[in-house]
Trainee: 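Structure in structure tokens, see below.
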Protein chains: 2
Amino acid sequence: MRDAFHDSLDHVSDQLEEMTRMVGTAIARATDALLGADLSAAESVIASDDDIDALRRDVDDQAVDLLARQQPVATDLRMVVTAMHMASDIERMGDLARHIAKVARMRYPQSAVPDAVRDTVLQMSEVARELVAMTGQAISQKDVHAAVQIAKEDDRMDELHRQMFAALVDEHWTHGTEAAVDVTLLSRYFERFGDHAVAVANRIVYLVTGYYGTEDEGLLTR
Amino acid sequence: MRDAFHDSLDHVSDQLEEMTRMVGTAIARATDALLGADLSAAESVIASDDDIDALRRDVDDQAVDLLARQQPVATDLRMVVTAMHMASDIERMGDLARHIAKVARMRYPQSAVPDAVRDTVLQMSEVARELVAMTGQAISQKDVHAAVQIAKEDDRMDELHRQMFAALVDEHWTHGTEAAVDVTLLSRYFERFGDHAVAVANRIVYLVTGYYGTEDEGLLTR
């Protein structure tokens, strides 16, 4: 009975990792779409978000099924509940990649990103990809140390977000209001992407230590 | 045994309603802070968000406790899991009210909102308050019809969000880039506030009908 339970839980964990891989692909492609004004990349991100959503529903269904059939308690119960919360955060990261792709699609054949902030967007995308890869690893290893590294990496994202806002309100911003609106939203999407990685990290800390983190103000964030 | 379970579940439902009331107060005060450049209102929203977060943790703890001690199945299990998801969405609505208050605080003693879009912000706030009140009612009554009304009300929010973006990219926007960045974020916060109300509504539909809605693309949204 217990072995069947842990096999099922391993399967859920594998699916969460698979979700992070799909999100990693989505954020990389969304960046290509954005910086390369690549319409087909944008469309593929938007279309494939349905697969991430479907996998999330699958994780939820399996979790509910595990609760109903195995009636876990203590740490086992906590792991099932945590898996549902993680699935929610990772799905949301996928939504944010889709939002970025939609901005790219809206401005096609132009790029939504003025040259002046192109490098900052590229760095945000690199941090985002790093964060989602670290999230996958932290899930598979249930590693508090890895979770702490995620919070540190997210500090880089927050710094890039601040840089972007400084560039926007600088008197030398000559790209007009429409580009300012686009860049504001894009920067916000990347920043939120990082927040959700930290939320998953906080869940791992909770799983291992029994202490809570919340989405915005977890143990690890500040 | 079953009665103790349903008493506990009623208590959780009451706490979710209480969360919606707190969020309703937060979004009303955040709007006052924003449009009246009222620093103490902004501070009170930011401080009281901790109470909403604490209540959410309390709901989560009770839900996990209910799962462990009562080991519900079928509809009872679904209700407990749904309560956790709803708590997450309502807490996030509180976070968004806090974000709005932070924009107000950042621009104090100025108002972050130019006169030209003041009325749109006011309407967004009214819709937000209506949405969170409807959410509280839908939770207490587990009413699919009320849930459908939430999705309709959120259409008004989306329309206001579109109006706001049209105003931002209009050539007559003369309020500068900083105000454009602020208004972009504020409009996005209100829009997301509505999305989370719809997410709760979708959860109620799931509870009653067994069909899923997801955060962004639920049964009710379009």
Side-chain angles (χ1 to χ4, degrees), chain A residues 49-50 52-54 56-57 60-61 63-65 67-74 76-78 80-82 84-85 88-89 91-92 94-96 98-99 164-165 167-171 173-185 187-189 192 195 199 206 212-217, chain B residues 49-50 52-54 56-57 60-61 63-65 67-74 76-78 80-82 84-85 88-89 91-92 94-96 98-99 164-165 167-171 173-185 187-189 192 195 199 206 212-217:
Chain A
D49 191 50
D50 286 345
I52 299 172
D53 294 350
R56 184 260 171 105
R57 278 192 291 274
D60 268 6
D61 287 343
V64 170
D65 192 57
L67 292 173
R69 289 194 303 116
Q70 307 269 355
Q71 309 201 322
V73 294
D76 288 343
L77 170 57
R78 209 195 272 169
V80 176
V81 169
T82 300
M84 284 193 284
H85 288 303
S88 168
D89 279 302
E91 190 224 301
R92 186 72 201 140
D95 289 342
L96 291 161
R98 190 190 64 214
H99 290 334
M164 191 69 98
F165 274 46
L168 282 165
V169 301
D170 188 283
E171 60 187 29
W173 181 267
T174 54
H175 312 287
T177 308
E178 185 173 275
V181 169
D182 286 348
V183 169
T184 299
L185 289 176
S187 190
R188 171 79 183 156
Y189 296 150
R192 285 297 299 158
D195 289 343
Y206 168 64
Y212 263 116
T214 64
E215 198 168 297
D216 263 23
E217 278 153 16
Chain B
D49 190 51
D50 286 346
I52 299 171
D53 294 351
R56 182 259 171 103
R57 278 192 291 275
D60 267 6
D61 287 344
V64 169
D65 193 55
L67 292 173
R69 290 194 302 116
Q70 306 269 356
Q71 310 202 321
V73 294
D76 288 344
L77 170 57
R78 207 196 274 170
V80 176
V81 169
T82 300
M84 284 193 285
H85 288 303
S88 170
D89 280 301
E91 189 224 304
R92 187 70 202 141
D95 290 343
L96 291 162
R98 190 190 64 215
H99 290 334
M164 191 69 99
F165 275 44
L168 282 165
V169 301
D170 189 284
E171 61 188 25
W173 182 267
T174 54
H175 312 287
T177 309
E178 185 174 275
V181 169
D182 286 347
V183 169
T184 300
L185 289 176
S187 190
R188 171 82 182 150
Y189 296 150
R192 286 297 298 156
D195 288 345
Y206 169 64
Y212 262 115
T214 65
E215 199 167 297
D216 264 21
E217 281 157 15

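Just so it is clear: chains get the letters A, B, ... in the order the sequence lines come, proteins before strands, and each one is counted from 1. The shown structure was predicted, so the numbers you read here are calculated from the model rather than taken from an experiment.
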Trainee: Could you check whether any side-chain heavy atom of A/Phe165 comes within less than 4.5 Å of a side-chain heavy atom of B/Leu185, counting everything from C-beta outward?
Mentor: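 A side-chain contact exists here, since the closest heavy-atom pair is under 4.5 Å.
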Trainee: What part of A/Val81 lies closer than 4.5 angstrom to a heavy atom of chain B: side chain, backbone, both or neither?
Mentor: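 When you check distances to chain B, only side chain atoms of A/Val81 fall under 4.5 Å.
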Trainee: Given the options B/Val169, B/Asp170, B/Val183, which has more heavy-atom pairs under 4.5 Å with chain A than any of the others?
Mentor: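 Ranked by contacts with chain A, first place is B/Val169.
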Trainee: Would you please test B/Arg188 and A/Thr184 for side chain to side chain contact (heavy atoms under 4.5 Å, CB included) and show each step?
Mentor: CA-CA 10 Å; B/Arg188 171 82 182 150; A/Thr184 299; over 6 Å; no
Trainee: Search all heavy atoms of A/Ala180 against all heavy atoms of B/Thr177 and return the closest pair with its distance.
Mentor: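 Scanning both residues, the minimum pair turns out to be CB-CG2, 3.6 Å.
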Trainee: Is A/Leu77 in contact with chain B via its backbone, its side chain, both, or neither, using a 4.5 Å heavy-atom distance?
Mentor: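 Contact with chain B: side chain only.
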Trainee: Could you tell me if the side chain of B/Glu178 sits less than 4.5 Å from the side chain of A/Trp173, heavy atoms only?
Mentor: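 In short, these two side chains do not touch, never coming nearer than 4.5 Å.
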